[in-house]
Amino acid sequence: MANRPGVERGWAFVVAVLAVFGPSSMRAEESGARREPPSLRYGARRESRLWIEAPGGVSHGVDEGIEWEGIRVYLAMMGELLAVDAGTGRCLWSRDVGSFWTGIRIVEVTGADGAPRWAVELAPNPGRGGADLRQVHDLRDGTVIPPSDGTIPSGEALEPRSWQGSESNVAEPVRELVTSAEAWAILRHRLFDGVADASAPAVADVDFAKEVVLIVSDGDRTNCAGIGVSVAWEEEGRILLRVAHATFQTWGEVNGGAQSLRPYGIFVLPRRAGKVYVVEVNVQSYLNSPPIWREVCRLGP
């Protein structure tokens with residue numbers, strides 16, 4: 001009876017060992033069960049623990065990373081995605097992805113050849129605008145893998161004729177689809193009559209039997225020289241126009257030297273009966289980060 005406590009402790013140790021290395025783990029290995037690919041969410045407070053020299057000689061401060069298939073991946077403090085050989089510590093590739101992303105994980109994707117391959121997926125802060133956005137890079141070489149989830153519009157790409165400028169007569173935003181020469185003459189006069197260096201097509205320059213004029217004017221705003229085309233598509237049921245604002249920075253003692261302007265963009269697009277014309281703007285606030293497109297208007301039927 002005196003030795004019984006020792007025996008109990010011995011059994012407890014054996015049971016603990018079996019729980020970690022015992023039959024369940026061995027069955028997983030024997031059955032070929034796959035490891036769960038790692039993931040990591042970075043917090044708001046970070047501190048450099050290591051400096052990695054990227055190809056080209058620039059060094060980047062990193063803290064934590066994840067490792068898979070002999071490659072360790074870091075999202076650097078200043079928005080660089082880095083992949084390092086886990087054995088040698090040599091940096092294999094680096095990509096400037098901006099400060100929008102706060103999470104990384106390893107995912108399996110299907111390549112253009114139909115074969116599976118490992119990749120690094122970037123995700124933003126769940127509480128941030130554009131929380132559903134993702135960016136995927138090939139684990140081996142860092143190549144961006146285009147999404148297949150429908151976030152890139154389908155259909156036929158368009159190249160609309162466009163004009164842009166920074167001054168008009170109208171202080172309020174204007175979003176209008178013009179379908180006749182008479183309507184365009186009236187609107188053109190209201191917007192630009194007497195405005196020096198106004199940039200707009202003449203009535204005779206638009207064939208309204210085949211074309212329409214879509215105008216996006218912001219009215220009063222600061223530090224924007226005009227509104228241009230980012231991309232345009234014709235899809236089933238709609239024509240989608242994504243516009244880009246030509247913003248700029250200023251310096252000065254009063255209000256940062258901001259310039260009061262009235263930017264606009266004018267776009268001549270194909271005339272399509274029964275289709276709606278949708279305009280989206282990029283509301284992404286982080287530099288060198290993926291756009292966050294927000295619909296500002298839909299015009300037509």
Salt bridge present between [X] and [Y] (N-O < 4.0 angstrom):
| X | Y | value |
| --- | --- | --- |
| R271 | E211 | no |
| E121 | R105 | yes |
| R45 | D63 | no |
| E234 | K275 | yes |
| R117 | D138 | yes |

Does the ring centre of Y264 sit less than 6.0 Å away from the ring centre of F192?
yes
How far does [atom1] of [X] sit from [atom2] of [Y], to the nearest 0.5 angstrom?
| X | Y | atom1 | atom2 | answer |
| --- | --- | --- | --- | --- |
| S285 | I292 | OG | CD1 | 6.5 Å |
| H137 | L139 | NE2 | CG | 12.0 Å |
| W93 | I71 | CH2 | CD1 | 8.0 Å |
| L240 | W293 | CG | CH2 | 8.5 Å |
| I104 | S39 | CD1 | OG | 9.0 Å |
| E176 | S217 | CD | OG | 11.0 Å |

Verify, without hydrogens or angle tests, whether [X] (side chain) and [Y] (backbone) share a donor-acceptor contact under 3.5 angstrom.
| X | Y | value |
| --- | --- | --- |
| R72 | V84 | no |
| D193 | R190 | no |
| N255 | A258 | no |
| R188 | P201 | yes |

Any chain of hydrophobic side-chain contacts (each under 4.5 Å) joining [X] to [Y]?
| X | Y | answer |
| --- | --- | --- |
| I239 | L177 | yes |
| V136 | W118 | no |
| V212 | V229 | yes |
| W68 | L75 | yes |
| V203 | V213 | yes |

Heavy atoms from other residues, nucleotides or ligands near [atom1] of [X] exceed 12 (cutoff 6.0 Å):
| X | atom1 | value |
| --- | --- | --- |
| E295 | CD | yes |
| R294 | CZ | no |
| E159 | CD | no |

Please check if any side-chain donor atom of H245 sits under 3.5 Å from a side-chain acceptor atom of N282, or the reverse.
no
Side-chain donor-acceptor contact under 3.5 Å, T250 with N223
yes
Before giving the answer on side chain to side chain contact (heavy atoms under 4.5 Å, CB included), spell out for R90 and L92 the whole-Å C-alpha distance, their side-chain angles and the decisive distance to 0.1 Å.
CA-CA 6 Å; R90 180 177 65 88; L92 303 174; 3.4 Å; yes
Could you go step by step and tell me if R242 and E280 meet the salt bridge (charged side-chain N to carboxylate O under 4.0 Å, His left out) rule?
CA-CA 5 Å; R242 288 177 167 171; E280 295 180 345; 2.8 Å; yes
Taking all non-hydrogen atoms of both residues into account, name the closest pair between [X] and [Y] and its distance.
| X | Y | answer |
| --- | --- | --- |
| C224 | S166 | O-CB, 4.0 Å |
| E64 | Y42 | O-OH, 2.7 Å |
| I106 | P37 | O-CB, 3.3 Å |
| Y277 | P270 | OH-O, 2.6 Å |
| S94 | P55 | OG-CD, 4.2 Å |
| H60 | A54 | CD2-CB, 3.8 Å |

With side chains defined as the heavy atoms from C-beta onward, is the minimum distance between [X] and [Y] less than 4.5 Å?
| X | Y | result |
| --- | --- | --- |
| W233 | R238 | no |
| T143 | I145 | no |
| Q135 | V97 | yes |
| P124 | R134 | yes |
| Y74 | L50 | yes |
| R221 | L261 | no |
| L187 | V178 | yes |
| L122 | L81 | yes |

Let's go through V73 and L82 carefully: what are the C-alpha distance in whole Å and the side-chain angles of both, what is the deciding distance for side chain to side chain contact (heavy atoms under 4.5 Å, CB included) to 0.1 Å, and is it a yes or a no?
CA-CA 6 Å; V73 181; L82 305 162; over 6 Å; no
Salt bridge (charged side-chain N to carboxylate O under 4.0 Å, His left out) between D141 and R95: does it pass, once the steps are laid out?
CA-CA 10 Å; D141 60 17; R95 297 289 182 271; 5.5 Å; no
Start with the C-alpha gap between W184 and I266, add the side-chain angles, then the distance that decides, and say whether side chain to side chain contact (heavy atoms under 4.5 Å, CB included) holds.
CA-CA 11 Å; W184 178 233; I266 302 170; 4.0 Å; yes
Residue pair S230, V243: steps toward the side chain to side chain contact (heavy atoms under 4.5 Å, CB included) verdict:
CA-CA 5 Å; S230 178; V243 298; 6.0 Å; no
